[in-house]
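These notes concern the structure reproduced below.
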There are 2 protein chains.
Amino acid sequence: MTEMSTTKDGQPDKADGSDRVAQILSEAERIFARKGYAGASMRDIAVACGISKALLYHHFANKEELYSRVTVGSTDELYLFVRDRVPSGPPSAKIRAFMVATAEYFRRYRWAWIASTTAFWNDPDRHRQKERMTRRDRYENFLRGLIEEAIEAGEIREVDVPMAGRLILSSLNWMHRWYNPNKAMTPEQIADVYFDLVFNGLRAGDISLPAPPPPKPARRKPR
Amino acid sequence: MTEMSTTKDGQPDKADGSDRVAQILSEAERIFARKGYAGASMRDIAVACGISKALLYHHFANKEELYSRVTVGSTDELYLFVRDRVPSGPPSAKIRAFMVATAEYFRRYRWAWIASTTAFWNDPDRHRQKERMTRRDRYENFLRGLIEEAIEAGEIREVDVPMAGRLILSSLNWMHRWYNPNKAMTPEQIADVYFDLVFNGLRAGDISLPAPPPPKPARRKPR
DNA sequence: TTTTTCGCTGACCGACCGGTCAAGTCCGCA
DNA sequence: TGCGGACTTGACCGGTCGGTCAGCGAAAAA
């Protein structure tokens, strides 16, 4: 992906340019993720790549374009990545697959993910921000469609769809703040736990496998 | 809000200093929240306050101290604020109160909240960051204690306590990314919806009556 | 009155920022 | 052998950054 110009013939002998671009994008992801847009300097990125700062401007017009290539690109890919991993089948299984696929994307493109999610407030360019939000909305609307599908199939209650979607996305979007790749749990496993918690709820006495006939007395005081 | 060039603001005496400090903190909150630590300049803050940049350094040693006063202070207050609003009673009601209280804190100290939550990665000072994490942990451990309490009381299933806590906190911590104060729902109502979703789960067929009724969200829209 | 205190300022500093440029190097091709 | 073009660089620019400082002016203290 992200192949650009330099050689139209596609011969692999001269792959220097695109390798550099890929290297720069890779380092830029990490640095933007850790320092944010304003905190990361082009010098930081150049030093991390082991190249001169001028070479950065040979491959990218300016700091903003480099930033956009990192953030907009990954936001765009996220939707396609997830969509292709949601199978046909029961709607609730689709929701679960949506969550696990998002977690897999997070695991595989972690720094770009973090740079993208952090980007929201810090981006000085309104136009790029709007473009990113549009792509983000497509991803979120896809989840809302799955939830509506599950409601119509009778698999989940008639909940507030946008709110249910936000709950699911919040859990996934916040993961990068506490996830430790050295710990045992993989992001996919984390997403699986979240799905169980959100789908089945915390409340006791209604494990999904057996039917729950005994009605429970009211706990909370009604108004 | 408080326009002042030469006192006369309730007291003709020496309220200048602390008023200035409060004003600076108020403006700094907003600017740090919107631009992040690196993106916000001391000049920005000085101009927003209508004072010279030098006066900023008269009241605060440097940028980092001003930043810490905003972020560490609000993180610290959050725990005390929430703790005082969790009543005695059924553990699940405590969890709900915890969530609503957090939402209330968010509504009342929105900019400081955003600055604090955004601060995580961007903070250059490791020591301050560690201090903030310690205070944050106290807040998170408080929630985990409530969850364990609810498990022992048999009100919720034997779930993974840290994960359940993370799910709840994720939903609240992500709220600032999409919350619009001009829209109908208050943060407290949002927290209430989240509690219902997390506590009762999405799954259909086992609605429990004591679910909290207060918010009346518009149901999903027709296709 | 004189002195002290203190909120407050404009001017200034060195460092670093994003970005530019002329020029050098290397390589495929004629 | 020469030519053209992509890759790469060090030096440099105007501007902004965080931070400093001598001193102003009015109120409090003497």
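First the proteins, then the strands, lettered A, B, ... as listed; each starts at 1. Note that this is a predicted model, so its numbers are computed, not measured.
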Using a 4.0 Å heavy-atom cut-off, write out nucleotides 18-23 of chain D from 5' to 3' as B (base contacted by protein), S (sugar-phosphate only) or - (no contact). BBBB--
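Per the geometry, CG belonging to B:Leu56 stands 14 Å off P belonging to C:dG7, to the nearest Å. C:dG19 atom C1' lies 14 Å from atom CG of A:Leu66, rounded to whole Å. With rounding to whole Å, A:Leu55 atom CG is found 15 Å from C:dA23 atom C1'. For the pair B:Ile51 CD1 and C:dG10 P, the computed distance is 11 Å after rounding to whole Å. One atom, CD of A:Gln23, and another, C1' of D:dC7, lie 13 Å apart when rounded to the nearest Å. Following rounding to the nearest Å, A:Asp44 (CG) and D:dC17 (C1') show an atom-to-atom distance of 15 Å. Rounding to whole angstrom units, CD of residue A:Glu65 and P of C:dG18 are separated by 15 Å.
The line from CH2 of B:Trp113 to NE2 of B:His176 is 9.0 Å long, rounded to the nearest 0.5 Å.
For B:Arg69, the CZ atom counts as loosely surrounded, since its 6.0 Å shell holds 12 or fewer non-hydrogen atoms of other residues, nucleotides or ligands. Counted within 6.0 Å of CZ on A:Arg30, heavy atoms from surrounding residues, nucleotides or ligands total more than 12; the atom is thus considered enclosed.
B:Trp174 does not carry A:Arg166 over the face of its six-membered ring by the limits of under 6.0 Å from the centre and within 45° of the normal.
Remark: B:His58 is not in phosphate contact with C:dC8, judged by side-chain N or O atoms under 4.0 Å from OP1 or OP2. Contact annotation: A:Arg20 reaches the phosphate of D:dT8 (side-chain N/O to OP1 or OP2, under 4.0 Å).
In this structure, A:Phe142 and A:Phe98 have tilted ring planes: the angle between them lies in the 30° to 60° band.
Annotation for A:Ile24 and A:Cys49: closest pair CA-SG, 3.8 Å, computed over non-hydrogen atoms.
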